[in-house]
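Below, chains carry the letters A, B, ... as their sequence lines are ordered, and counting in each starts from 1. Everything numeric here is computed off the predicted structure, so don't read it as measured data.
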2 protein chains.
Amino acid sequence: MLQDTQQKIIDSAIIIFNDDFSAPIEKVADRAEVTRRTLHRYFGERKDLLLACQLEMQKTCRAGMLTAFESSPDLLVKLEQMLYACIDCGSKYSFLNKLHNQQGHIHDHENEECVKYDHSFGLITTVISGLQEEGLVSRQLTVEWMTSLFTGIIRSTIDALTSGTVASASIKKFAWFSFSKGIGA
Amino acid sequence: MLQDTQQKIIDSAIIIFNDDFSAPIEKVADRAEVTRRTLHRYFGERKDLLLACQLEMQKTCRAGMLTAFESSPDLLVKLEQMLYACIDCGSKYSFLNKLHNQQGHIHDHENEECVKYDHSFGLITTVISGLQEEGLVSRQLTVEWMTSLFTGIIRSTIDALTSGTVASASIKKFAWFSFSKGIGA
DNA sequence: TTTAAATGTCTCAAATATGAGAAATTGTTC
DNA sequence: GAACAATTTCTCATATTTGAGACATTTAAA
């Protein structure tokens, strides 16, 4: 088997549920090219699948983010690499974000998943704050807005990639151009 | 009645379905503060409600967009006003976009709704193309990317507004700052 | 206050989604 | 090709969602 079935199911689930949170399990099975029955052998119920998605997203995003964060002492380079890393995470980034900011999620500092999320995604805030203190990005904008913008640009990029309207070769550079200028760098 | 029940249901549906396309009708009814039974009196089945949402979004977005488009002969002012108009449309803008670009939508030039969509949203492309021809925005970026960016920034703005992380007084200005710089204006 | 329209309550039938057992089928490995 | 694991197929039972009838209750207007 080219790709592990379980992994394929998780990856499909992330894409499907990111697009449509209450979509029937069957859609996930279809995309993973397995029967609903097979899916259920790996994941007892919906909650279990969702949890597996959460772990997968957490793992991938965290790894990419940390590598990028440590890639350079230069804050601006860090940020650029983090942007690219998040684009590479694709819907894993989008969905993890959604789970922690929408869908009626109540952020809970006792919840281990929330803590892990904060730890990974807090790096973006850290870097942006640092840049602002050094006067390397606009002082008019708030850190919160720049963080929102970061997420928005990632989503634009992922959408553009999936719809195929923008060539994938140039898209990362476009994203960085727009983001860096957009925060006044 | 302060607000027409039917309208309240439609507005709720736009918010709920934008967030979770396959959410049960009951969620919409809850948000609109009516019973599921009442909702069903206005909208026979799910499809009918969705259609009503579509019409409402089309109407609101189109009106805002056209007013903005005609607000000034200056292309850059047009674009700025269009950005503000779309922010004002809120989830109506987001959801209409989603419907025509995701959820397995097949764009069909025979379909009247698609034609109306293209006509309204094509204005953005028109203005951006114009600006690029006049050298007022970057020539490195493609029009497709700048359009994606436009949508991404609107979504960031709406998210930031609903989550309340960024003050609503300054947010439109932030959005315009980031978008205009982001396209190299 | 009476009347009419809108909404809620209770109920039910049909449709769809979910989860799992049992046996048949496919695919891999030795 | 026998033996084993993974997957499919077929089948059910259960849960949830959907849509609507019948009647009570509320609300707005005359």
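Contact record, His109(B) with Val115(B): O-CG2, 3.3 Å, taken as the closest heavy-atom pair.
Residues passing the side chain to side chain contact (heavy atoms under 4.5 Å, CB included) test with Thr35(B), sequence neighbours excluded: Arg37(B), Thr38(B). The side chain to side chain contact (heavy atoms under 4.5 Å, CB included) search around Phe21(A) returns Leu50(A), Phe95(A), Leu99(A), Gln103(A), Asp20(B), not counting sequence neighbours. Legend: residues meeting ring pair (Phe, Tyr, Trp, His ring centres under 6.0 Å) with Phe150(B), ordered by chain and number and at least two apart, are Phe179(B).
Contacts between residues 20-29 of chain A and DNA chain C, defined by a heavy-atom separation under 4.0 Å, are made by Pro24(A), Ile25(A). Looking at residues 42-53 of chain A, you'll see Tyr42(A) sit with a heavy atom under 4.0 Å from some atom of DNA chain D. Of all the residues in residues 34-41 of chain A, Val34(A), Thr35(A), Arg37(A), Thr38(A), Arg41(A) reach under 4.0 Å from DNA chain D with at least one non-hydrogen atom.
Using a 4.0 Å heavy-atom cutoff across all strands shown, Gln6(B) reaches no nucleic acid atom at all.
Salt bridge Lys27(B)/Asp19(B): absent, no basic N to carboxylate O contact under 4.0 Å.
Across the protein-nucleic acid pair, Lys8(B) atom NZ and dA6(C) atom P stand 17 Å apart, rounded to whole Å.
For the pair Thr5(B) and dT7(C), the criterion of a side-chain N or O lying under 4.0 Å from OP1 or OP2 is met.
The line from CZ of Phe177(A) to CD1 of Ile183(B) is 9.5 Å long, rounded to the nearest 0.5 Å.
In summary, the side chains of Ser129(B) and Glu133(B) do not present any donor paired with an acceptor at a separation below 3.5 Å, with no hydrogens or angles considered. A side-chain N or O of Tyr117(B) and one of Asn101(B) form a donor-acceptor pair less than 3.5 Å apart. Under the 3.5 Å distance criterion, with hydrogens and angles disregarded, no donor-acceptor pair is assigned to the side chains of His100(A) and Asp118(A).
For the pairing with Gln58(A), the side chain to side chain donor-acceptor pair (under 3.5 Å) check across Lys92(A), Glu113(A), Glu112(A) returns one residue only, Glu113(A).
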